[in-house]
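For reference, the structure discussed in these notes is given below.
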Amino acid sequence: MPELIEVEAYRRQAEAVVGRTIDDAPVLDPIGLRGADPEAVRAELRGLTVEAADRLGKLLLVRTDGPVVGLRFGMTGRLLVDGGASIDGLLYGGQGDDPAWDRYVVTFTDGTDLRIRDPRRLGGLQLDPDVERLGPEASTITAEQLAAALARSAAPVKARLLDQSRVAGLGNLLVDETLWRAGVDPERASGDLDADEVAALAEAVRSTVAELLARGGSHTGDLQVARRPGAACPRDGAPLDRLRVGGRTTYRCPAHQR
DNA sequence: CCGGATGTTCACCT
DNA sequence: GAGGTGAACATCCG
């Protein structure tokens, strides 16, 4: 589920735990710890008070009076606050929702809790994550920032937009939707876009994120409904191409994406 | 049965 | 150095 939009929804939920004090944080399954010792992480989290819930790209940052707790959700992770009632309505698979997939639990002194539920175990938790490795936040990216991210690169523009160190927050669905709306071929060499095209693309990134956030998810794009072989472009009816760009399945309208 | 799927990281090629 | 590919993770779906 998580691209920037879904993680933003989790961030808003996480604001409910601001002010609470952590009683315990057992690591049920030590995924995505990047070498950290599970018991050491648990010990560090005990007794901390949550001060804020922030986000950078797809990384959720829970600030405390001690270390920042960085949460990643991979493709299938969800955040459950106070027993669930997940607002994303995007359960992995048809039903798939099993407490056995809880990887991290944070219990608070008032008896409430927060948990990371992740069937495929692609998410993770890191204390004081290195946010310097991330590019500018996609939802507010400027033409200047995007120009810097694309400059002098022969890589396909889609690959650059997916590269979290260049632009933070976009995933496969958002990038396809954005390039489709902007009329840009995902295979275009990044450095070949002129200043006007870059400015228009930056605007498309911001507006696409805002609109799909309002609609309720990365999967609510206009192109998304056509993400299947042989589908017609919702804009002009041309048969969509299905190809691989940046290692990911890509849909493109050959008629209007240039 | 097989291939893919909203992600990230790494080893190994060209 | 820059890009690309494939694998790994585990589960579900068409």
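- Atom CZ in A/R117 sits roughly 16 Å away from atom C1' in C/dA10 (whole-Å rounding).
- For A/K58, taking side-chain heavy atoms from C-beta onward, the closest of the listed nucleotides B/dG7, C/dT11, B/dA5 is B/dG7.
- One interatomic measurement links the two molecules: CG of A/D97 to C1' of C/dC12, which rounds to 13 Å at whole-angstrom precision.
- The shortest heavy-atom contact between A/A138 and A/R206 is O-CG, 4.2 Å.
- If you check every strand for non-hydrogen atoms under 4.0 Å, A/R227 touches sugar and phosphate atoms only.
- Summarising the geometry of A/T250 relative to A/K158, their closest heavy-atom pair is OG1-NZ, 2.7 Å, with the distance given to 0.1 Å.
- Phosphate contact (OP1/OP2 of C/dT11, side-chain N/O of A/W101, threshold under 4.0 Å): present.
- Side-chain nitrogen and oxygen atoms of A/R120 include none within less than 4.0 Å of the OP1 or OP2 phosphate oxygen of C/dT11.
- Using a 4.5 Å heavy-atom threshold, the side chains of A/V167 and A/R160 count as separate.
- Considering CZ of A/R248 and CG of A/D176, their distance stands at 9.5 Å, rounded to 0.5 Å.
- Among the nucleotides C/dT11, B/dA5, B/dG7, the one closest to the side chain of A/R244 is B/dA5.
- Comparing A/E3 and A/R133 by the nucleotide of DNA chain B whose heavy atom lies nearest to each, the residue mapping closer to the 5' end is A/E3.
- The gap from the P atom of C/dG1 to that of B/dT8 amounts to 24 Å, rounded to the nearest Å.
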Identify the pairs formed between an N or O of the protein and an N or O of nucleotides 2-4 of chain C at a distance under 3.5 Å, and give each distance.
residue : atom : partner : partner atom : Å
C/dG3   : OP1  : A/S153  : OG           : 2.8
C/dG3   : OP1  : A/A154  : N            : 3.1
C/dG3   : OP2  : A/R160  : NH2          : 3.1

Report task. Show your working on salt bridge (Lys or Arg N to Asp or Glu O under 4.0 Å) between A/R181 and A/D222 and close with a plain yes or no. Result -> CA-CA 9 Å; A/R181 291 182 175 213; A/D222 298 327; 3.4 Å; yes
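- Rounded to whole Å, the separation between the P atoms of C/dT5 and B/dG4 comes to 14 Å.
- If you measure from atom CG of A/L71 to atom P of B/dT8, you get 14 Å, rounded to the nearest angstrom.
- Under the salt bridge (Lys or Arg N to Asp or Glu O under 4.0 Å) criterion, A/R63 pairs with A/D54, sequence neighbours left out.
- Side-chain N/O atoms of A/D23 and A/T109 include no donor and acceptor closer than 3.5 Å.
- The separation between A/R121 atom CZ and C/dC12 atom P is 15 Å, rounded to whole Å.
- Considering all non-hydrogen atoms of both residues, A/R227 and A/T249 come closest at NH2-O, 3.4 Å.
- A distance of 12.5 Å separates CG in A/D118 from CG in A/L28, rounded to the nearest 0.5 Å.
- Closest contact between the side chain of A/L122 and the listed nucleotides B/dT8, C/dA10, C/dC9 involves C/dC9.
- With sequence neighbours excluded, no residue satisfies ring pair (Phe, Tyr, Trp, His ring centres under 6.0 Å) with A/Y251.
- Atom pair A/R248:CZ and B/dA5:P shows a separation of 8 Å (rounding to whole Å applied).
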**Report entry** Base-pairing string, 5' to 3', of DNA chain C - Watson-Crick or wobble, under 3.5 Å, | interstrand
**Finding:** .||||||||.||||
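- The interatomic distance linking A/D98 (CG) with C/dT11 (C1') rounds to 11 Å, in whole Å.
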Requested in this report: For salt bridge (Lys or Arg N to Asp or Glu O under 4.0 Å), just list the numbers for A/R11 and A/E8, CA-CA rounded to whole Å, side-chain angles, deciding distance to a tenth of an Å, and then say yes or no.
Outcome: CA-CA 5 Å; A/R11 188 199 67 73; A/E8 174 60 19; 3.0 Å; yes
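- The distance between atom CD1 of A/I31 and atom C1' of C/dC9, rounded to the nearest whole Å, is 9 Å.
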Please tabulate, one pair per line, all N/O donor-acceptor pairs under 3.5 Å involving side-chain atoms of residues 122-135 of chain A, not counting sequence neighbours.
residue : atom : partner : partner atom : Å
A/D128  : OD1  : A/V68   : N            : 2.9
A/D130  : OD1  : A/E132  : N            : 3.1

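- Residues from residues 167-177 of chain A with heavy atoms under 4.0 angstrom of DNA chain B, sorted by number: A/G171, A/N172, A/L173.
- A 4.5 Å side-chain heavy-atom check between A/V17 and A/V106 finds every atom pair outside the cut-off.
- Regarding A/D163, its CG atom lies at a distance of 14 Å from the P atom of B/dC10, rounded to whole Å.
- Phosphate proximity of B/dA5 to A/T249: present, with a side-chain N or O under 4.0 Å from OP1 or OP2.
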